[in-house]
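To keep things clear, I will list the structure first and then write my remarks on it.
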Amino acid sequence: MRRYFALVNLILAIIVCPLKAFPQSGSDKELLVGANIGNVPWEFQDTNGEFIGFEIDLVNEIAKRLNQNINILNVPFNGLFSAVQSGRIDIAISSIGITEKRLESMSFTQPYYDSDQSLTTVKGNGINSLEDLKGQIVAVDTGSTGDMWATANQKKYGIAEIRRYEGLAPAMLDVAIGRVKGYISDIPALLYYTKDKPNLEVVERIPTGGRYALMMAKNKPLVSEVNAVISLLKEEGFINSLHEKWFGVPAEPSTSTVKIVDMPTANNGNLLNFFDTFLNKQVFLQTYPMLIAGLITTIQLGLLSIISGLVLGLIVSLIRLYAAKPLQAIVKVYIDIFRSIPLLVLLIIIFYALPFIGLNLSPFSAAAVSLSLVSGAYTAEIFRAGIEAIPKGQFEASEALGLGYRHMMGDVILPQAIKIVIPPLTNNCINVIKDTALASVVAMPDLLKQATQAQAVAANPTPLIAAAVIYLMFLLPLVLWVSKLERRYKHQEGSK
Amino acid sequence: MTTLIRLENVNKHYGSFQALKNINLKIEEGEVVCVIGPSGSGKSTMIRCINLLEQYDADGKITVENVPVQKGKDLKYVRAEVGMVFQNFNLFPHLTILQNIMLAPVRVRKMPEKNAETLALGLLGKVGIAEQANKYPAQLSGGQQQRVAIARALAMEPKALLFDEPTSALDPEMVGEVLDVIRKLADTGVTMIVVTHEMGFARQVADRVIFMDSGQIVEQGTPADLFDNPKETRTRNFLKAVLNH
């Protein structure tokens, strides 16, 4: 339950603030590059686990020309922005398009690839153009150019819902399952991906005029150094040779893969200070309706999972304690399995694997089922411990008075057990609410998802900070309440 | 006199250890029986078999008013008719004194709350702590708690009361107040089986005293017979040990 690597973005953004004061590795020997591995053909893994791809080749060459060692880290797409801004990495690659918004808080080298977006579908599913998307659900990558295009054009094409995924693979899996009808993303990646998959098809090019470049922290000297190397590599024809290597054909002479172009500059290109970066009021005001929508989803999911987990847990604990032996054995297996399995793994199995046996759950249902199953297992153990903590004499006194099982549990045992289990139960509730953040991976628009999307769109980590504050605002009181209850309980025990 | 409780050939094993050996015993209606004997002699085990808090071996038989004491739907009836007072009181800590007493009459006897409350207050008066009705068990002294436990057992208006070392967990200065209550009860004609280490109390209150050792009833008789003229060596040795300290 305590695996929150989806929250890594948040933590990252918070922890690195103070580190910014220290010299970062950018000027040292090692060049740190962040890449969203799996983004074919730009950066992905070969069968030996080696990172390969167009952009991997490019940054390796750049590091060589700069006489620096290179270290490539796997960072999810929407985490690249805060990673660069916080100095955690020097350069971000992942077919990142240059946009006006991103230029406000980032620097880009000159572009080396001209791209468009595309719509990819399963052959024969009735979607042959953007017009066919009316009333349908489409997939995008959280905070990507495709996400921005789809959001801007949702009304125009009557798209029913935009589901946001953490990369090509999970999105395409849902397209294949049929849960979403199409995937809007960068055309080169999809042409490459569908090349050897005859059931998939890129049905439309969406002209967005994207230009890919290396992204770096705002106005670092490294930017112009790297930009100069890129000019040199274009002159030598190296970049075009990469194009030929990865796409099979050389690029058109008029494209930025061949031609040396200027470095893009922002219209209001001021160096952003700490507050502009992490506590940007304007960004916050723009994005907080998204965050509130996410918060509502998080609370709905959290409450539903907590309540069904409680009911499930109570029933299971009573079976575990008092039912016939074979039933006890069955629920023990349930408890052990669901306390051992990482929630994220369970969630992915329920969401992506169950459709193959005909059980096709929505992101919300899949998340609620996973959270309830895991919470139920923990709750069962908490209740069991609570009931077992009641002295044997209480059971004997109830029995000696002639109370039946129902009244013994209802009037004597459970009311006492509740007091004991409230603190651990509340802790469990806090964990369930925190774990709702994991539902991001199944394209659920919860608070974290909305925040990561907002920060990628605004190219500014303020929404993540805001989300962290929101999580704190409603979980911190619960945490404090539990501590108070625990103290009071200890006190009562002591006075007996 | 009619026999209220009957034990026939009752044995009890815990694994290979035999806690009760061939117990045969009849308790008449209105009789006050005290059970004495060294620790581990099976006294508590025996009375706990009577309301099936312990399951005795299948070859024996226990009846209360001719109803067999065994698992099943009659068990509730037996337990309602046989009250029990525990060494550690076992009051319900989350309920007030009044609620502790009212719970079983309301739930088991289906008595209206009002009547149960009147009954409870009356019983609290009888055991001398009516003024504590709305307190919680933890706020009372041990002696007071045990008196509440007695009132709780009485609220079911049982035919018989089982006392399992009712004063053993008490501070010495509180033993007297609890024994006084039990003594008064004995005078009202309730059938009682009292497992106790209080020899003076047993001599004074009991119609019959039973001496147990190693899971067996070694000897029984009137207090005068047993305390003044014990026939068995084991009885004599035990009495010598407990009376000469």
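Naming convention: chains lettered A, B, ... in sequence-line order (proteins, then strands); numbering from 1 in each chain.
- Summarising the local packing, NZ of B:K71 is surrounded by 12 or fewer heavy atoms from other residues, nucleotides or ligands at distances under 6.0 Å.
- Within the 4.5 angstrom heavy-atom criterion, atoms from both the backbone and the side chain of B:R152 approach chain A.
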Quiz: residues 317-324 of chain A side-chain donor-acceptor pairs under 3.5 angstrom, not counting sequence neighbours:
residue	atom	partner	partner atom	Å
A:S317	OG	A:G313	O	3.3
A:S317	OG	A:L314	O	2.8

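- Heavy-atom pairs under 4.5 Å with chain A were tallied for B:L162, B:L91, B:N88, B:N51; the largest tally goes to B:L91.
- In this structure, chain A has no heavy atom under 4.5 Å from any part of B:L52.
- Residue B:V82 touches chain A through its backbone alone, counting heavy-atom pairs closer than 4.5 Å.
- Within a 6.0 Å radius of CD in B:E173, other residues, nucleotides and ligands contribute more than 12 heavy atoms.
- Identified by a heavy-atom distance below 4.5 Å to chain B, the contributing residues of residues 383-415 of chain A are A:K392, A:G393, A:Q394, A:E396, A:A397, A:S398, A:E399, A:A400, A:L401, A:G402, A:L403, A:G404, A:H407, A:D411, A:V412, A:P415, in residue-number order.
- Residue B:F86 touches chain A through its side chain alone, counting heavy-atom pairs closer than 4.5 Å.
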